[in-house]
Amino acid sequence: VQLQASGGGLVQAGGSLRLSCSASGFIFRLNTMDWYRQAPGKQREMVATITSNGIPKYADFVKGRFTVSRDNVRNTVFLQMNSLEPEDTAVYLCHLNRSRDWWGRGTQVTVSS
């Protein structure tokens with residue numbers, strides 16, 4: 001299993017970013033995929049999840065600002081993040097739970113005030 005997140009960067013508060021996670025090594029279309037984030041000194045927390053048939057679920061702090069989606073042809077899961085806040089600054093990682101936890105290399109998101 002390989003998971004590779006990309007799309008992070010530095011953005012001002014109120015701005016937007018679109019993260020992508022490219023997956024390989026398993027049957028992507030049959031698996032739920034998750035986005036997590038980890039800020040310095042804080043525990044890793046779930047941001048959004050999307051089931052194999054495209055049903056999303058979000059953490060309360062997303063507040064309608066983020067949208068998770070997937071492309072089962074390109075084996076990619078996306079996280080569209082709008083109205084970003086400085087509190088969203090973190091490393092964002094994609095996650096697969098399949099027999100064990102699989103984590104990809106994260107992508108840094110930094111939101112300046």
Side-chain angles (χ1 to χ4, degrees):
V1 172
Q2 288 194 330
L3 304 170
Q4 178 66 58
S6 61
L10 173 63
V11 64
Q12 288 189 331
S16 298
L17 284 173
R18 188 189 194 214
L19 306 184
S20 300
C21 175
S22 178
S24 62
F26 63 102
I27 304 176
F28 179 81
R29 61 183 173 82
L30 296 182
N31 286 272
T32 292
M33 297 297 299
D34 316 300
W35 283 100
Y36 278 73
R37 71 185 187 184
Q38 187 162 21
K42 294 187 177 181
Q43 285 193 332
R44 192 170 290 183
E45 58 184 355
M46 193 275 287
V47 177
T49 189
I50 184 164
T51 65
S52 58
N53 55 358
I55 297 173
K57 183 178 178 181
Y58 301 96
D60 289 344
F61 61 75
V62 168
K63 301 174 191 174
R65 301 179 296 130
F66 297 178
T67 302
V68 62
S69 61
R70 64 190 296 158
D71 183 334
N72 287 339
V73 174
R74 292 194 288 166
N75 289 357
T76 303
V77 59
F78 304 97
L79 185 67
Q80 176 67 43
M81 305 188 296
N82 299 327
S83 301
L84 283 161
E85 304 167 352
E87 293 74 22
D88 296 316
T89 295
V91 174
Y92 285 71
L93 310 100
C94 50
H95 170 260
L96 165 71
N97 185 316
R98 180 175 176 268
S99 302
R100 48 155 279 191
D101 288 321
W102 296 90
W103 297 96
R105 178 178 292 184
T107 186
Q108 176 71 46
V109 171
T110 303
V111 184
S112 63
S113 57

Kindly compute the distance separating [atom1] ([X]) from [atom2] ([Y]), expressed to the nearest 0.5 Å.
X   : Y   : atom1 : atom2 : value
L30 : T51 : CG    : OG1   : 11.5 Å
L3  : S22 : CG    : OG    : 8.5 Å
C21 : Q4  : SG    : CD    : 8.0 Å
L19 : T76 : CG    : OG1   : 12.5 Å
M81 : T67 : CE    : OG1   : 11.0 Å
N72 : S52 : CG    : OG    : 8.0 Å

Parallel, tilted or perpendicular: which one describes the rings of Y36 and H95, with boundaries at 30° and 60°?
perpendicular
Shortest non-hydrogen pair, A13 vs P86, comes out as CB-CD, 4.1 Å
Heavy-atom closest pair, residues Q108 and A90
NE2-O, 3.5 Å
Mind checking whether [X] and [Y] sit in one hydrophobic cluster, side chains of I, L, V, M, F, W, Y counted as touching below 4.5 Å?
X    : Y    : answer
V109 : W103 : no
L93  : M33  : no
Y92  : L10  : no

Side-chain ([X]) to main-chain ([Y]) donor-acceptor, under 3.5 angstrom:
X    : Y    : answer
R70  : F28  : yes
S83  : G14  : no
R44  : A39  : no
T89  : V111 : yes
T107 : G8   : yes
R65  : V62  : yes

Do N82 and S16 pair up side chain to side chain, a donor and an acceptor below 3.5 Å, judged on atom types alone?
yes
Are I50 and I55 close enough, and set up right, to give a side chain to side chain contact (heavy atoms under 4.5 Å, CB included), and what steps lead you there?
CA-CA 5 Å; I50 184 164; I55 297 173; over 6 Å; no
Test side chain to side chain contact (heavy atoms under 4.5 Å, CB included) on V68 and V77 and set out the steps.
CA-CA 7 Å; V68 62; V77 59; 4.0 Å; yes
Would you say that more than 12 heavy atoms from the other residues, nucleotides or ligands in this model lie under 6.0 Å from the CD of Q2, or not?
no
Is I27 atom CD1 crowded by more than 12 heavy atoms from other residues, nucleotides or ligands, each under 6.0 Å away?
no
Can you confirm whether L17 sits close enough to L84 that some side-chain heavy atom of one is under 4.5 Å from a side-chain heavy atom of the other?
yes
Counting C-beta onward and ignoring hydrogens, is there a side-chain heavy-atom pair between T110 and V11 closer than 4.5 Å?
no
Partners meeting salt bridge (Lys or Arg N to Asp or Glu O under 4.0 Å) with E87 (sequence neighbours left out):
none
Ring pair (Phe, Tyr, Trp, His ring centres under 6.0 Å) contacts touching residues 58-87 (sequence neighbours left out):
none
Whether R100 engages the ring of W102 as a cation-pi pair (distance to the six-membered ring centre under 6.0 angstrom, angle to the ring normal within 45°) should be assessed.
yes
Give the C-alpha distance, both sets of side-chain angles, the deciding distance and a yes or no for side chain to side chain contact (heavy atoms under 4.5 Å, CB included) between V47 and L79.
CA-CA 9 Å; V47 177; L79 185 67; 4.1 Å; yes
